[in-house]
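Bear in mind the structure is a predicted one, so any value in this text is a computation, not a measurement. Only heavy atoms go into these numbers, but all of them, side chains included; no hydrogens, no water, no symmetry mates.
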Amino acid sequence: MAFICRFAPSPTGPLHIGGVRTALFNWLLVKKNKGKFYLRIEDTDKERSKEEFKKQIIDSLSWIGIKHDDKEYIQSKNINKHKEIAEELLKKGFAYKCYCSEEEIKEQKEKCKKQGIAFIYNRKWRDPKNLEIPKDIKPVIRFKSKISGNSLIKDLVQGEINIANSIIEDFIILRQDGSPTYQLSAVVDDHLMKISHVIRGDDHKINTFKQKQIYEAMNWDVPQFAHIPLIHSEKGSKLSKRDKASTIDDYIKLGILSDALRNYLLRLGWAHKDKEIFTLDESIKLFDLNGVGKSPSKLDMSRILSINEHYIKHIDEKELFELLKVYCQKFKKKIDASKESTLLKSMNFLKNKAKTLEDIYQNAHYILNDSIKILPEDLKLLDAPSKKILKDFLSEFEKISKITKESLEKIVNGLIDKHKTNFKGIGQPLRIALTGSRFGPGIYDIIISLNKDAVVKRLKN
RNA sequence: GGUCCCAUCGUCUAACGGUUAGGACAGAUGGUUUUCAAUCAUCCAAUCGGGGUUCGAUUCCCCGUGGGACCGCCA
């Protein structure tokens, strides 16, 4: 059986990482089963759908490495087909026109609320025998849901879920203005796209019982369903677009690598034994729905950072450098071409002190900028004895022809003896003079990474 | 409130009837180190409660408690 999945976000806001994870799970399974992965933009809510969000969704997915097959599918382009199916359901007696006014529905809702029960439309027009059709009201079309009995879905993640049919109302499939609603459009499109597995967030679980009835009414094959638990924010509730650090863009800005975020998202709600780090190939090979847990998981920033740190340390330095370049250009300032080679050479020690690209950028400050500013509090540390040390260092430094760790060590050790101090006594003033900060990479790394002239110049100031 | 779902260290999770309940992140302590880190070693830390079933329950069943999702002419 072909394995065909889709990810179907609505372009009504930036895609958050919960959505990205859903897309990832779909995509991984498709890759594993050599199937098809489609992207369907569900834009039938004309009011709220925006072109910019559609673009953002595609960009976010592609950043993390998810590419959809074929061209993205725009749901609104298929509205006529959805309407056709609604008519067909009407003709076959699986749906009916409902002439209730908005006031009537509102009244019913209030009544239900008072009684403390969930609102279910009272099915007034399901049997219109004794009803007079109002002239001034355009009807909506409702699906004739089952009233009695129970329905069961066998969910690939959740297991068997059983509900009484009576709690599923006669939901609207065509609005007053004749446009189809989500319940209808999603089913028609999934059918037309030959979707074999619907893998989506837990919040869609109830919809499944509505949608299944449409499939059955139309005599269509019902796909398999898998509802994956939601991601919760630190507050413990469903992640929303309003939560801070919830969109892919937020993480890119923080300097998170796409592989790291992919790995983090993969492990959120899914596990394979004790394994923590998964290459892309391993994820495809090992991912399965059996390993997906049933309970929601909380977002944990320190863990994201920790995985990111791992990837920063392990990816190819040249590659890391390229990522840094892009990052700086986008969020900081473009790296000066003249600094590139120095920076590239320095990646091997810069990466060891970083959890994010932002961290690397911070530590590379002294490379990226010719003139360095020393904070007043640090300047205070450069007292007269320290300045003398710097002066002595400079004169020794100017004499050496080859700047290596060994040659520098020799100078420093000599100075330690001469000034009766320790390494810190030499290292700290040097670091401040060369980088403008007390914190940063190892002092030898700093000196070796800068060229001789730059060191001399900075020390002279 | 109704319906449904879920429940192992603070967090992510492993253990699909038999383990001293494991790993990772975070935290703590110590070693190393020129700063910040990193690194190494060690430590702290969990089966929500109560009943069953069973020789034996984290695991199966029931009840309670807690958390969540849904309850739109949104998707």
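- Scanning for salt bridge (charged side-chain N to carboxylate O under 4.0 Å, His left out) contacts around A:Lys313 gives A:Glu309, with sequence neighbours left out.
- Every residue was checked against the side-chain contact (heavy atoms from CB on, under 4.5 Å) condition with A:Glu107, not counting sequence neighbours, and none meets it.
- Counting non-hydrogen atoms under 4.0 angstrom, A:Glu42 reaches the backbone sugars and phosphates but no base.
- Between A:Ile426 atom CD1 and B:U35 atom P the separation is 14 Å, expressed in whole Å.
- In a base pair of the Watson-Crick type (N1 to N3 plus N6-O4 or O6-N4) or a G-U wobble (N1-O2 and O6-N3), with each distance short of 3.5 Å, B:U54 is matched with no nucleotide.
- Counting any heavy atom pair closer than 4.0 Å across all strands shown, A:Gln176 reaches a base atom.
- Computed from coordinates, the A:Glu169 CD to B:U3 P distance equals 16 Å when rounded to whole Å.
- In this structure, of B:A14, B:C4, B:C73, it is B:C73 that holds the atom nearest to the side chain of A:Lys109.
- Of the P atoms belonging to B:C48 and B:U42, the separation is 29 Å, rounded to the nearest Å.
- Remark: A:Ser306 is not in phosphate contact with B:A24, judged by side-chain N or O atoms under 4.0 Å from OP1 or OP2.
- Taking the six-membered ring where the residue is Trp, A:Phe143 and A:Phe94 present parallel rings, their angle staying beneath 30° rather than reaching 60°.
- Rounded to whole angstrom, the span from the CD atom of A:Glu160 across to the C1' atom of B:C4 amounts to 15 Å.
- In terms of heavy-atom proximity, A:Ser437 sits nearest to A:Phe439 at OG-N, 3.0 Å.
- Cation-pi geometry between A:Lys275 and A:Phe278 is met: under 6.0 angstrom from the ring centre, within 45 degrees of the axis.
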(message) What does the B/S/- profile of nucleotides 36-47 of chain B look like, 5' to 3', with a 4.0 Å heavy-atom cutoff to protein?
(response) BBS---------
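- A distance of about 33 Å separates the C1' atoms of B:A28 and B:G68, rounded to the whole Å.
- Pairing partner, B:A7: B:U65, with both Watson-Crick or wobble hydrogen-bond distances short of 3.5 Å.
- Contacts of A:Thr44 with the nucleic acid, taken as non-hydrogen atoms under 4.0 Å apart, involve only primed sugar atoms and P, OP1 or OP2.
- Figure legend. B:C16 is base-paired to no nucleotide; pairs are counted as Watson-Crick or G-U wobble with both atom distances under 3.5 Å.
- For A:Asp300, counting side-chain heavy atoms from C-beta on, the closest listed nucleotide (B:A26, B:A75, B:U11) is B:U11.
- Annotation for A:Arg6 and A:Asn26: closest pair O-OD1, 3.5 Å, computed over non-hydrogen atoms.
- Side chains of A:Arg126 and A:Ser145: a donor-acceptor N/O pair is absent below 3.5 angstrom, by distance only.
- Rounded to an integer number of Å, the gap from CD1 of A:Ile79 to C1' of B:A75 is 13 Å.
- At a cut-off of 3.5 angstrom, the base of B:A26 holds no donor-acceptor pair with the side chain of A:Arg303.
- Note: CD1 (A:Ile161) to P (B:A69) measures 16 Å, nearest angstrom.
- Here B:U3 is the nucleotide among B:A26, B:U3, B:U34 with the atom lying nearest to any side-chain atom of A:Ile167.
- Taking the six-membered ring wherever Trp is involved, the centroid distance between the rings of A:Phe287 and A:Phe25 falls below 6.0 Å.
- Nucleotides B:G67 and B:U8 have their P atoms positioned 14 Å apart, rounded to a whole Å.
- Candidate nucleotides B:C6, B:A75, B:C12 were compared by shortest atom distance to the side chain of A:Ser295, and B:C6 ranks first.
- Rounded to an integer number of Å, the gap from A:Lys275 NZ to B:A24 P is 14 Å.
- B:U29: Watson-Crick or G-U partner is B:A41, with both key distances under 3.5 Å.
- Nucleotide B:G2: paired with B:C70 (Watson-Crick or G-U wobble, both distances less than 3.5 Å).
- Look at the P atom in both B:U19 and B:U59: the space between them is 13 Å, to the nearest Å.
- Pairing partner, B:A75: none, since no Watson-Crick or wobble contact has both distances short of 3.5 Å.
- Side chain to side chain, A:Glu358 and A:Gln362 meet the donor-acceptor criterion of an N or O pair below 3.5 Å.
- Counting only heavy atoms from C-beta on, A:Ser10 has its side chain closest to B:A75 among B:U13, B:A75, B:C70.
- B:C43 and B:A26 have their C1' atoms separated by 14 Å, with the value rounded to a whole Å.
- With no hydrogens or angles considered, a side-chain donor-acceptor pair links A:Thr208 and A:His227 at under 3.5 Å.
- Sequence order on RNA chain B of the closest nucleotides to A:Lys273 and A:Cys100 puts A:Lys273 first from the 5' end.
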List, with names and distances, any nitrogen or oxygen atoms from the protein found under 3.5 Å away from nitrogen or oxygen atoms belonging to nucleotides 62-68 of chain B.
{"from": "B:G68", "atom 1": "O2'", "to": "A:His232", "atom 2": "NE2", "distance (Å)": "3.3"}

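- Residue A:Arg267 places no side-chain atom within donor-acceptor reach of the base of B:U13, judged by atom type and a 3.5 Å distance cut-off alone.
- Each of A:Ile206 and A:Asn162 was matched to the nucleotide of RNA chain B holding its nearest heavy atom; the match closer to the 5' end belongs to A:Asn162.
- Between the side chains of A:Asp170 and A:Tyr96, at least one donor N or O sits under 3.5 Å from an acceptor N or O.
- Counting non-hydrogen atoms under 4.0 angstrom, A:Ile172 reaches a base of the nucleic acid.
- Every residue meeting the side-chain contact (heavy atoms from CB on, under 4.5 Å) condition with A:Leu192, not counting sequence neighbours, appears here in chain and number order: A:Asn78, A:Lys81, A:Val188.
- Between B:C16 and B:A75, the two P atoms lie 43 Å apart (nearest whole Å).
- Of the P atoms belonging to B:U65 and B:G50, the separation is 15 Å, rounded to the nearest Å.
- Between the C1' atom of B:U13 and the CG atom of A:Asn290 lies a distance of 16 Å, rounded to the nearest Å.
- Within 4.0 Å (heavy atoms only), A:Ile443 reaches at least one base atom of the nucleic acid.
- Between the NZ atom of A:Lys46 and the P atom of B:G72 there is a distance of 21 Å, given to the nearest Å.
- For A:Asn369, the side-chain contact (heavy atoms from CB on, under 4.5 Å) test picks out A:Lys333, A:His365, with sequence neighbours left out.
- When the P atom is used for both B:C63 and B:C4, the distance is 12 Å, rounded to whole Å.
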